[in-house]
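What follows is a short report on a single structure.
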Amino acid sequence: MKVNCELIQQGAEARIYFLDYIGFPAVWKERFVKTYRHPQLDERLTKSRMKAEVKAINHLKNKSAFLSKSMPTILGVSDSSIIMTRIENAATFHEAISSEFFSLQDLFQRVGMVIAEVHKCGLVHGDLTTTNFMVKNDVSAIVPIDFGLSSFSTTPEDRAVDLYVLERSLLTSGRDDSDLFSNFLLDKYKKEMESIGISVANAIVSKLDEVRARGRKRDMVG
Ligand SMILES: Nc1ncnc2c1ncn2[C@@H]1O[C@H](COP(=O)(O)OP(=O)(O)OP(=O)(O)O)[C@@H](O)[C@H]1O
Ligand SMILES: [Mg+2]
């Protein structure tokens with residue numbers, strides 16, 4: 001397919017283009033061939049990531065009254081590409097954190113709420129980094145993206161790992177956001193998860209402590 005499009009990002013796994021798709025501002029995410037991988041394995045991984053991404057986005061669109069409107073609409077899919085509607089007037093959570101435009105406490109609380117919503121819909125994200133949320137400039141919505149590693153799971157372990165990955169991703173920003181993470185993001189997340197059961201929320205938070213301890217041990221061993 002060749003249409004008028006602009007390369008926005010070349011990552012390790014995918015190229016992102018902005019394009020106009022029959023009048024809609026859209027994003028074309030193309031997972032390219034990785035020559036360092038065995039061709040059959042590469043093809044299998046690419047297909048499974050595309051499938052996981054489409055399934056998760058559609059699931060949240062159908063299942064979550066809270067996220068449904070802001071999630072992108074899938075416009076087209078192939079084995080290696082997805083075209084979806086563009087989230088406009090938005091920055092990544094990573095960018096939003098260093099912008100003085102946003103109230104950080106509010107931002108972190110809202111992100112906690114979004115993660116709880118994803119988890120309450122039965123999904124875990126699998127790669128919850130700060131570049132995988134889009135924040136609308138007027139903060140009317142925070143949209144999780146990049147669901148290629150997502151899966152359907154409700155275990156405290158998988159949910160805690162999502163939180164841990166985000167906590168680690170915040171650390172690499174070079175700022176100390178641990179207070180914002182614990183007192184706003186995690187606090188809000190926990191309150192939201194308590195709506196399905198206090199024991200459910202408590203189990204995730206104690207799992208997070210275990211996952212953190214495992215991480216520290218791994219860091220020490222190197
Ligand atoms: N629907 C969308 N609307 C607007 N921007 C988007 C959309 N999807 C992706 N982007 C932009 O493209 C970037 C990369 O997209 P995505 O995270 O899906 O791919 P990726 O290759 O896995 O990237 P990364 O390696 O940074 O995680 C996002 O951080 C965001 O800036
Ligand atoms: Mg990403």
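Order of appearance sets the numbers: ligands from 1, and atoms from 1 within every ligand.
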Ignoring hydrogens, just give me the one of I16, N89, D127, T131 whose non-hydrogen atom is nearest atom 11 (C) of ligand 1. I16

In terms of residue, atom name and distance, what is the protein heavy atom nearest to [atom]?
| atom | answer |
| --- | --- |
| atom 2 (C) of ligand 1 | V27 CG2, 3.5 Å |
| atom 3 (N) of ligand 1 | I87 N, 2.8 Å |
| atom 27 (O) of ligand 1 | D146 OD2, 3.0 Å |
| atom 9 (C) of ligand 1 | I145 CD1, 3.7 Å |

Checking side-chain polar atoms at under 3.5 Å, does D162 have a donor or acceptor matched by the opposite partner on H119? yes

Taking the six-membered ring for Trp, are Y164 and F181 ring centroids under 6.0 Å apart?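 No - the distance between ring centres of Y164 and F181 does not fall below the 6.0 Å cut-off.
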
Would you check if the side chain of [X] reaches a backbone N or O of [Y] as a donor-acceptor pair within less than 3.5 Å?
| X | Y | result |
| --- | --- | --- |
| S182 | D179 | no |
| T130 | L170 | no |
| S169 | V165 | no |
| D127 | G148 | no |

Heavy-atom contacts with [X] under 4.0 Å: which atoms of ligand 1 show up? List them by number with element.
| X | answer |
| --- | --- |
| T85 | 1 (N) |
| T92 | 29 (O), 31 (O) |
| A14 | 21 (O) |
| M84 | 1 (N) |

Geometric N/O contact Q9 with ligand 1, under 3.5 angstrom: yes

Is it true that [X] and [Y] make a salt bridge, defined as a side-chain N closer than 4.0 Å to a carboxylate O?
| X | Y | result |
| --- | --- | --- |
| R214 | E157 | yes |
| E53 | R49 | no |
| K191 | E194 | no |

Tell me the contacting part of [X] for ligand 1: side chain, backbone, both, or neither, using a 4.0 Å heavy-atom threshold, strictly below.
| X | value |
| --- | --- |
| M134 | side chain |
| R86 | both |
| T129 | neither |

Does any N, O or S atom in N132 come within less than 2.8 Å of the Mg ion (ligand 2)?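 A backbone or side-chain N, O or S atom of N132 is under 2.8 Å from the Mg ion (ligand 2).
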
Is D146 close enough to the Mg ion (ligand 2) that one of its N, O or S atoms comes in under 2.8 Å? yes

Say whether K29 and ligand 1 are in contact under the criterion: heavy-atom distance to a ligand atom below 4.0 Å.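 So K29 counts as touching ligand 1.
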
Looking at F32, does the NZ or CZ of K34 lie under 6.0 angstrom from its six-membered ring centre and within 45 degrees of the ring axis? yes

